[in-house]
S.K.: 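Please see the structure below; I have some questions.
Ligands are counted one by one from 1 in listed order, and the atoms in each one are counted from 1 as well. Hydrogens, waters and symmetry mates play no part in the numbers below; they use all other heavy atoms, side chains included. Positions are given from 1 along the sequence.
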Amino acid sequence: MTDTLDIKITKAAHSRLAETDFDNLPFGKVFSDHMFVADYANGEWKNFEILPYGPIEMSPAISALHYGQAFFEGIKAYKHADGTVSIFRPDKNAVRFNKSAERLCMPTLPEDIFVQTIAQLVDLDRDWIPAKANHALYIRPFMFATDPFLGVTPSATYKYMVIVGPVGPYFSKPLRVKIETHYTRAAEGGMGYAKAAGNYGSSMLPARKAAEEGFDQLLWTDAKEHAYIEEMGAANAMFLLDGKLITAETKDTILDGVTRDTVIALAKDWGIPVEERRVSVAELIEGAKNGKLTDAFGAGTAATIASVASISYNGEEYFLSDPKTREFSNKLFATLDDIKYGRSEDTHNWNYTV
Ligand code: PLP
Ligand code: COI
């Protein structure tokens, strides 16, 4: 554990809290009063500061804009009924933050500093955390290259920032998903396991095409054969097939999701067999046809547990059971909420109290 960080704090002259409509919180559009900023130069992190939320000045030549040396994280903080504030498993995001940094030739940040910076900002803006079911404070740490240089080479300077904002549910209804068999999210040897900005940029065209066909999300498949399920949009894809929880094993094309890991831990607590392995499109379609695919959902921080209503493949749409009646994902959703909002004992020590 590093000593407590020396963070310079400049408070906003005016809080926007009273003007914010907490009954209308579309995901990712509302930001709190403050943001965190630090600079990397000459091989070290410095200028740790919390400032009023607002625009930052940048050179138009920064390499993040041209070559995509940029990545982010996504975490949530929750308000318990007694006013306690907790952040869900930020230590896991700290580890993944550094995996992304290494893949993109960017500097790492000591894990405890990552957690401290987030905790300090959440603490300062704790009044922004909605005290409402399915609502939380979304925390968005990110890093980007700031050298004003157009050579394709790793930058020598970077900015690490954290912004936060109150959010409601990312998805408002069960999803009609399509198995993508042309485009690829990530290939072996690529950077699918990193939360690189470019991974999300490249997903937008396929996602838009699917939306034009009426689908809510894509189920990504492997780059070589398009025969194995990898992820679901910006969430891990998880299935209950023949009584077993199955999901793609983590490898370089898969983001090692914190929610995925949490779901696996709960399933193991409940004695449900878990298989982290290649998940074939064929077995899912077969399971959808014969009724053995009893649950399917995306697992992610923004997505939470996002139920799949139907899976489409090769022009056929297969509807699964009514999501409201699904035992496993409903129990998961309720159990996770009870832990996050402090209503049940946190036996795994997942909540980091601020
Ligand atoms: N997969 C992708 C591509 C994502 O963007 C996310 C969202 O963060 C996830 C999976 C789920 O990860 P986590 O549960 O850590 O949010
Ligand atoms: C998250 O769940 O935190 C994500 O990063 C998804 C996001 C791209 C909306």
S.K.: Say whether R96 and ligand 1 are in contact under the criterion: heavy-atom distance to a ligand atom below 4.0 Å.
M.R.: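 Yes, R96 has heavy atoms under 4.0 Å from ligand 1.
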
S.K.: Against V281, only a single residue in D222, T181, I229, L219 fulfils side chain to side chain contact (heavy atoms under 4.5 Å, CB included); can you say which?
M.R.: I229

S.K.: Which atoms from ligand 2 have a heavy atom of F72 less than 4.0 Å away?
M.R.: 5 (O)

S.K.: Taking atom types as modelled, find out whether S155 and Q69 have a side-chain donor-acceptor pair closer than 3.5 angstrom.
M.R.: no

S.K.: Return the residue, atom name and 0.1 Å-rounded distance of the protein heavy atom closest to atom 6 (C) of ligand 1.
M.R.: A234 O, 3.1 Å

S.K.: Salt bridge or not between R126 and D123? Use side-chain N to carboxylate O under 4.0 Å.
M.R.: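 Yes.
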
S.K.: If you measure only the distance, is there a donor-acceptor pair under 3.5 Å linking the side chains of T250 and D256?
M.R.: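 Distance-only check fails for T250 and D256.
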
S.K.: In terms of heavy-atom contacts, does CD of E249 have more than 12 from other residues, nucleotides or ligands at under 6.0 Å?
M.R.: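 Check passes, neighbour count above 12.
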
S.K.: Starting from atom 7 (C) of ligand 2, locate the nearest protein heavy atom and write down its residue, its atom name and how far away it is, to 0.1 Å.
M.R.: R140 NH2, 3.9 Å

S.K.: Please list the nearest protein heavy atom to atom 1 (N) of ligand 1 with its residue and the distance rounded to 0.1 Å.
M.R.: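 Closest protein heavy atom to atom 1 (N) of ligand 1: E231 OE1, 2.4 Å.
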
S.K.: Taking the non-hydrogen atoms of E73, is any one of them nearer than 4.0 angstrom to ligand 1?
M.R.: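 Heavy atoms of E73 never come under 4.0 Å of ligand 1.
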
S.K.: Which residue from R260, M232, R185 reaches closest to atom 3 (C) of ligand 1 through any of its heavy atoms?
M.R.: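 Checking each option, the heavy atom nearest atom 3 (C) of ligand 1 is found in R185.
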
S.K.: To check your reading of the model: name the closest protein heavy atom to atom 14 (O) of ligand 1, its residue, and the distance in Å.
M.R.: T259 OG1, 2.6 Å

S.K.: Could you tell me the residue and atom name of the protein heavy atom closest to atom 2 (O) of ligand 2, and the distance to it rounded to 0.1 Å?
M.R.: A302 N, 2.8 Å

S.K.: Of the options D295, I246, V279, which is the one that meets L241 in a side chain to side chain contact (heavy atoms under 4.5 Å, CB included)?
M.R.: I246

S.K.: Taking the non-hydrogen atoms of K195, is any one of them nearer than 4.0 angstrom to ligand 2?
M.R.: yes

S.K.: Whether D216 and K173 form a salt bridge (side-chain N of Lys/Arg under 4.0 Å from carboxylate O of Asp/Glu) is what I want to check.
M.R.: yes

S.K.: Side chains of H34 and Q120: is there a donor and an acceptor less than 3.5 Å apart?
M.R.: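 No, because no side-chain N or O of H34 sits under 3.5 Å from a partner of the opposite role on Q120.
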
S.K.: Counting heavy atoms only, which of Y170, Y138, F27 is nearest atom 3 (O) of ligand 2?
M.R.: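 Looking at heavy atoms only, the winner is Y138.
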
S.K.: Check K195 against ligand 1 and report side chain, backbone, both or neither, counting heavy atoms closer than 4.0 Å.
M.R.: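 K195 to ligand 1: side-chain contact only, backbone stays beyond 4.0 Å.
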
